[in-house]
Amino acid sequence: MMLKLLHYFLFTGLVAAENGRQAWLRYAPLPQGHSTPLPLSIIALNSSTNSPVNTAGEELQKGIQGIFGKQLSIFNTGKETSSAVVGTVSQFQKAFGSSPVKDKLEEDGFWLNIKGSTVQILGQNERGALYGAFEYLSMLAQGNFSNVEYATNPVAPVRWINSWDNMDGSITRGFGGNSIFFADGHVVSDLTRASEYARLLSSIRINAVVVNDVNANFTTINPENIQGVGRIADIFRPYGVQLGLSLDFASPMELGNLSTYDPLDPGVIAFWDDITKQIYDRIPDFAGYLVKADSEGTPGPMVYNRTLADGANLFAKAIKPFGGIVMYRAFVYNQLPDEGDWKADRANAAVDFFQPLDGQFDDNVIVQIKYGPIDFQVREPASPLFANLLETNTAIELQVAQEYLGQQCHLVYLPPLWRTILDFDLRVQNQSSFVRNVITGEQFKRPLGGSAAVVNVGLNDTWLGSHLAMSNLYAYGHLAWDWTSDSEEILQDWTRLTFGLDKTVVDTITQMSMASWPAYENYSGNLGEQTLNDILYTHFGPNPQTLDNTPWGQWTRADHTSIGMDRTVSNGTGFSGQYPPEVAAMYENIETTRDDLLLWFHHVNYTQKLKSGKTVIQHFYDAHYEGAETAQKFVTMWQSLKGKIDDERYEDVLFRQVFQAGHSIVWRDAIVNFYNNISGIPDDAGRVGHHPFRIEAESMELSGYQPYVVSPFEAASNSIAIVTSTNSTIGTATKVLNFTSGVYDLAVSYFDMYGGNSSYQVFVNNRMVGEWVGNIVDIGKLGHTPSIHLDGHSATRITFHQVPINKGDMLKIVGQANGVEPAPLDYVALLPAGVID
Ligand code: GCU
């Protein structure tokens, strides 16, 4: 019936509603005219329920049914011709006598041979066979009916996901609802979503998931929860996805009642040996441990004056007999008390801590390194630690969760950012040494390596909270298989699989996504000065002053004349000297430092000329206006797809794009005002601080409303908003309009805090233009609750289009407070066609 309906919708040109839960594995029927000879049956060479080959057979059946409406039977033996045979190479040899595979297959690799209706999908192992089945289905779903014959292998064995899920069911930096794994201190009983997740992950060739937060809780490994995570592992197994766990270094004390967690203490060693055995008793294919120690307050070996290598090797030795590995995070730094110390620099920490230990980590330890030296910022140089561990396995840590990049409420397609790091040549020993080759182990001939991405899917049907953000997860898997894959081609595959084959849809989403990271960088933080969001609160909206004068060490050193971190050896923190000589020399010199990293490496006057010819400050201004303008275009680009995408997903994305358009203006104004204020240098183009189309709320006639000074000042236009005088008051703000008669877009800037849903009405001459409720946060539409204050996180806009205005009309806004939210308003903008402000 379902299928008939789908074909009906297709035939009539209607698009059936979808909630996104199937992500890129929808197996939607192809548009008419797409046909190919199909296999007559499926031969899956292993039929035991837990086997990935069995899963592959079922997936092929489901996919072909969905795409072509044909029900194929699954056998475990039969005639090879006109069948889709899936299995391992050795299973194939057993069944058919010899192997057709012409190239070498490595662990997890597969061979795909399509000759019309005869298809061979052979993995080096069962997992590889499943990957191959997904690949074949991906081709079919995209209407790609080529005959092909090739082998493909992963560039690295470790292609992991790190989930930051907590035992209480919350997710650190999660923007898509609560955990699919945990609630109230236990593993949830219904693991349907975990199984669906494993299916998605195996289709992008992810081979392990660490299910709990790096800030781990010892209860995860108590006897009850070991059984619980064992159930997750059981659910993952048919998809070839292994389970990993984050550890709390102090567990020997907290769980084992020992008086120490010293990694060299025999009792502690015995404790971890025992825990590891318990885990492997329940989960024989357990992947390994992830350890965050001595970092941001977590316990670690340094508490006992032991080295980080002592800490890592403690687990490595416990897990070695079982074949597991330890991912030991390099995100270790001290909080720096004093920005007055010109030479202090958090960016130095990873190399300072880890380089002296090179060669001391056991062979089954991988040091997991965040892509940049600070923390998932919008632009960072590659971490120099990649160039400093020649006798240690390494992996890169990426973040699909857009913690500092709009938290899934701004569209930011991340692969182009990741590629700036992966394609960076570190010139170790003056030889070509791209980060992508270091982390695979190839460069320094290391046995292990790879990547981990922080991915915070939740119970939301969209997984990440945003349909478009899923391209980042899809792309991560494909890049982890081959870092040289083309970011744009991956995106286009994802778009076709997620939204269908319509060329306009594919082109538009490609254009939006490829423009998204540059736009976000433009309106957040430029020239390598980091994202400039509020690092003391939610990491979402703008608040540049929080970066300075705090012990977190994400300093910009902005004062009235100059800005940037001097990280040179000659005069600064010495960070540039952590790179190999050629790269160090490049960054040491302002002339050879790229503009987009200038303020990362150098402290300069706002009037410093860039290579582009602009001054630093004028670049800030121009970039912010440009970035916000691009974000407005995303709305109209998306709207051009109405009717070509099902309404449910269309409306969901539209909501987010409208939000982003408004919030990009909040960002733009906050940052340009902040630097205009601190530098006193005007904008050459006269935009900053001049808003001829705005009516400040505080300049209106107020009744039941009163002015409110917003902090940080730059988060409100003219620094002042209005709020109702009490939390139960209805406030009114009126103003006689002195605008040329005409048709305008009427935008209202307001603050949507959590803890209340104020309601608003806008009138022109007592004719209602629009009404809304400030509830995007509280009803969960935004996917998270950025702020309980009036600030750069809660500031947002709503726009009513095509409003006729006559000179002398009376504008009136009525606001009804609710909960803790005092119907806060910032300004109204009356925008003639084409004006963005
Ligand atoms: C960031 C993030 C934390 C996280 C930490 C980490 O600082 O804000 O929530 O715990 O990174 O990666 O360990």
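Numbering starts at 1 and runs along the sequence shown. Only a predicted model underlies this, so the values are computations on that prediction, with no experimental measurement involved. Keep in mind that the numbers below use all heavy atoms, side chains included, and drop hydrogens, waters and symmetry copies. In listed order, ligands and their atoms are each counted from 1.
- Near Arg329, the atoms of ligand 1 lying under 4.0 angstrom from a non-hydrogen atom of the residue are 6 (C), 12 (O), 13 (O).
- Of all the heavy atoms of Asp213, none lies under 4.0 Å from any atom of ligand 1, so neither backbone nor side chain is involved.
- The closest non-hydrogen atom to atom 4 (C) of ligand 1, taken over Phe376, Trp164, Tyr404, comes from Trp164.
- Residue Glu403 approaches ligand 1 through these ligand atoms, each under 4.0 Å from one of its heavy atoms: 1 (C), 2 (C), 8 (O).
- Using bins of under 30°, 30° to 60° and over 60° for the plane-to-plane angle, the ring pair Phe354/Phe361 lands in the parallel bin.
- When hydrogens are left out, the protein atom nearest atom 9 (O) of ligand 1 is Arg173 NE, 3.2 Å; that is the closest non-hydrogen contact.
- Close approach to His539 involves these atoms of ligand 1, each under 4.0 Å from a residue heavy atom: 8 (O).
- Note on ring orientation: taking the six-membered ring where Trp is involved, the planes of Phe331 and Tyr333 are perpendicular (angle over 60°, cut-offs 30° and 60°).
- The aromatic ring centroids of Phe182 and His186 lie 6.0 Å or more from each other.
- Of all the listed residues (Lys370, Lys292, Gln368), Lys370 holds the heavy atom that lies closest to atom 11 (O) of ligand 1.
- No donor-acceptor pair under 3.5 Å is formed between the side chain of Tyr587 and the backbone N or O of Phe575.
- Protein heavy atom nearest atom 10 (O) of ligand 1, with residue, atom name and distance: Asn215 ND2, 3.0 Å.
- Under the 30°/60° scheme for interplanar angles, the aromatic rings of Phe249 and Phe315 are found to stand perpendicular.
- Looking from atom 5 (C) of ligand 1 to the surrounding protein, the closest heavy atom is Glu296 OE1, 3.4 Å.
- A side-chain contact (heavy atoms from CB on, under 4.5 Å) with Ile396 is found for exactly one of Val438, Ile421, Ile369, Thr440, namely Ile421.
- The Asp375 neighbourhood of ligand 1 comprises atoms 1 (C), 7 (O), 11 (O), with distances under 4.0 Å to a heavy atom of that residue.
- In summary, of the residues considered (Trp160, Tyr197, Trp481, Tyr476), a side-chain contact (heavy atoms from CB on, under 4.5 Å) with Ile206 occurs for Tyr476 alone.
- If you run side chain to side chain donor-acceptor pair (under 3.5 Å) between Gln407 and each of His784, His793, Gln402, only His784 comes through.
- For ligand 1, the atoms closer than 4.0 angstrom to any heavy atom of Val214 are 13 (O).
- Remark: Arg436 is positioned above the aromatic ring of Phe434, its terminal NZ or CZ atom under 6.0 angstrom from the ring centre and at most 45 degrees off the axis.
- Residue-ligand proximity, Thr172 to ligand 1, at heavy-atom distances under 4.0 Å covers atoms 9 (O).
- Near Phe331, meaning under 4.0 Å from one of its heavy atoms, ligand 1 places the atoms 5 (C), 6 (C), 7 (O), 11 (O), 12 (O), 13 (O).
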